[in-house]
Amino acid sequence: MTTTRSPRSVRQHTVLGSALAAALLLGGCGAEVETDAKASEKVTVNRCGEPVEYTLPQRAVAYEGGSADKLFSLGLVDHVHGYVMPPANPPVEESPWADDYAKVKMLSDDLLNKELVVEAKSDFVVAGWNSGFKDERGITPEILDKLGIQSFMHSESCFNYPKYPEKLSPFEALYTDLDRLGKIFRVEDKAEEVVGGLKKRVEAVKAKAPKGDPVPVFLYDSGTDQPFTAGNQVPPNDIIKTAGGRNVFDGLDQRWTQVNWEAVTEAEPEVIMILDYGDLPAQKKIDFLKNSPHTKELPAVKKNNFFILDYNEGVSGPRNIDGLEKFAKYLRELQG
């Protein structure tokens, strides 16, 4: 899953050529695009731990909802050419930015690949490491650098990025991404506004969190022989902790990871958080947990304490805070 790479400067791309385009407004936010001269200038922004020079992107491609949501939350729909949305993702019509999704192209319902990006004539690709970008699929930031296509990775996924790792708590990684994208697209003020709003919502949840010992919570993603769950490097860990719970696997310095059922049994979770996505509905996971000899006697299962977390609330993106607010309300009601 890892490889070594060398730093490269991102090539400069063609930007809007007409002086009349200098005052174009970014969709949905009212922030002005810089003049042509300004847009052709480069800004240096970290891509994981690597400083990279960027010119203003005009044909961005986003992989999965978290990437697109980050761009749309900053009002950048006019700079997004399209998105790639595998079947696991919930329908885009359910997104708070459904109107923005409707304005850009659905490029594929499969995995991200180099040929798709090249065919789309994209000048900027947003994805995560080992999710959208992956050595085995032949699409990495280094490969795109050689093609003159700029790229950006979710900071949350940089934990195990070769040569240029970066470790941030998941919520801090979300804020960092919005700040960095704001610099790349020259909408720093909008990014500051969006991040400020998210932080206020997080603080409001903290203020209402239940007192006393945090409730032990097990996130169940998938797996029957061995469960797939969340370590401390992915958003559900921060969602659980901020709401007043404790991820029973928060001691694992990992992102999404595999454990064994014995460890789950020993942890005795009082709540099970189910990550819900298209090809494996939440109810099927709940039915399995209620019938499996490994889990049917767990306190959470016996009390029917299941909380369903939407896929796009569990992967890095602005909807993490929606998931936080919902889970916090669930915990307060559970303990009230």
Side-chain angles (χ1 to χ4, degrees), residues 66 156 159 169-174 201-224 226-277 280-292 294-317 319-336:
E156 170 266 326
F159 173 68
S169 66
F171 283 177
E172 282 302 321
L174 169 61
R201 292 168 63 190
V202 170
E203 290 304 315
V205 168
K206 285 182 180 179
K208 296 179 183 177
K211 307 301 181 184
D213 293 337
V215 178
V217 181
F218 166 55
L219 180 136
Y220 181 50
D221 176 294
S222 59
T224 54
Q226 288 184 295
F228 205 57
T229 189
N232 61 30
Q233 292 298 303
V234 286
N237 193 73
D238 277 9
I239 289 173
I240 293 167
K241 179 172 61 177
T242 306
R246 175 180 60 83
N247 175 9
V248 296
F249 292 109
D250 65 353
L252 295 180
D253 217 13
Q254 301 287 336
R255 297 182 66 230
W256 302 100
T257 189
Q258 201 169 54
V259 295
N260 59 59
W261 287 118
E262 289 75 17
V264 177
T265 302
E266 290 173 7
E268 297 188 320
E270 293 285 340
V271 173
I272 296 178
M273 178 181 282
I274 305 287
L275 189 65
D276 188 27
Y277 46 90
L280 191 56
Q283 189 57 52
K284 286 189 176 181
K285 299 178 186 180
I286 292 173
D287 292 343
F288 166 75
L289 294 170
K290 286 184 174 181
N291 290 287
S292 169
H294 298 295
T295 53
K296 64 182 182 180
E297 297 299 323
L298 290 176
V301 176
K302 293 175 75 172
K303 297 175 183 177
N304 203 37
N305 288 346
F306 296 102
F307 175 84
I308 297 173
L309 185 72
D310 182 84
Y311 183 82
N312 283 308
E313 294 169 352
V315 299
S316 184
R319 281 187 264 180
N320 292 158
I321 312 308
D322 296 341
L324 167 65
E325 291 170 336
K326 293 173 187 175
F327 184 62
K329 182 174 183 290
Y330 172 83
L331 277 192
R332 290 196 302 270
E333 292 174 350
L334 194 66
Q335 296 193 318

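Computation of the quantities below employed the complete heavy-atom set of this structure, encompassing side-chain atoms and omitting hydrogens, waters and symmetry-equivalent molecules.
- In this structure, the side chain of K285 engages the main chain of L275 through a donor-acceptor pair within 3.5 Å.
- The line from CD1 of I272 to CZ of F306 is 5.0 Å long, rounded to the nearest 0.5 Å.
- Using a 4.5 Å cut-off on side-chain heavy atoms (C-beta onward), E268 and L298 make no contact.
- In this structure, the separation between CD on E313 and CE on M273 is 9.5 Å, given to the nearest 0.5 Å.
- Note that CG of L309 is 11.5 Å distant from CZ of R319, once rounded to the nearest 0.5 Å.
- Atoms NZ and CG, from K329 and L331 in turn, are 12.0 Å apart once rounded to the nearest 0.5 Å.
- Closest approach of A243 and P210 over heavy atoms only: O-CD, 3.4 Å.
- Side-chain contact of Q233 with N237: a donor-acceptor pair under 3.5 Å is absent, judged by distance alone.
- With hydrogens and angles disregarded, no donor-acceptor distance shorter than 3.5 Å links the side chain of T257 to the backbone of G231.
- With rounding to the nearest 0.5 Å, the separation of CG in D238 from OG in S316 is 10.5 Å.
- Residues A267 and P216 come closest through the heavy atom pair O-CB, 4.4 Å.
- Sparse packing is recorded around CG of D213, with 12 or fewer heavy atoms of other residues, nucleotides or ligands lying under 6.0 Å away.
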Apply side chain to side chain donor-acceptor pair (under 3.5 Å) to Y277 and D221, showing your working. CA-CA 9 Å; Y277 46 90; D221 176 294; 2.7 Å; yes
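- Aromatic ring orientation, W261 versus Y220: tilted (interplanar angle from 30° to 60°).
- Using a 4.5 Å heavy-atom threshold, the side chains of V217 and V248 count as separate.
- Checked by atom type and distance alone, the side chain of N247 pairs as donor or acceptor with a backbone atom of A230 at under 3.5 Å.
- Using modelled atom types, one finds no donor on one side chain facing an acceptor on the other under 3.5 Å when comparing N232 with K241.
- Here the CD-CZ distance, from Q254 to F159, works out to 5.5 Å after rounding to the nearest 0.5 Å.
- Remark: side-chain polar atoms of T229 are not paired, donor with acceptor, to backbone N or O of V259 under 3.5 angstrom.
- The aromatic rings of F307 and Y330 sit tilted, their planes meeting at an angle between 30° and 60°.
- Here the closest heavy-atom approach between residue K302 and residue K296 is recorded as CG-O, 3.6 Å.
- Taking all atoms of both residues into account, the shortest heavy-atom contact from F218 to P227 is CZ-CB, 4.0 Å.
- A donor-acceptor pair is defined here as one N or O able to donate and one able to accept, closer than 3.5 Å; such a pair exists between the side chain of N320 and the backbone of G317.
- Put simply, the side chain of D276 never gets that close to the backbone of D310: no donor and acceptor are under 3.5 Å apart.
- Between L174 and E156, the closest side-chain pair of non-hydrogen atoms is not below 4.5 Å.
- Contact between E270 and N305 at its shortest, heavy atoms only, is O-ND2, 3.0 Å.
- L219 and W256 get closest at one heavy-atom pair: CD2-CZ3, 3.7 Å.
- Put simply, the side chain of Q283 reaches to within 4.5 Å of the side chain of I286, judged on heavy atoms.
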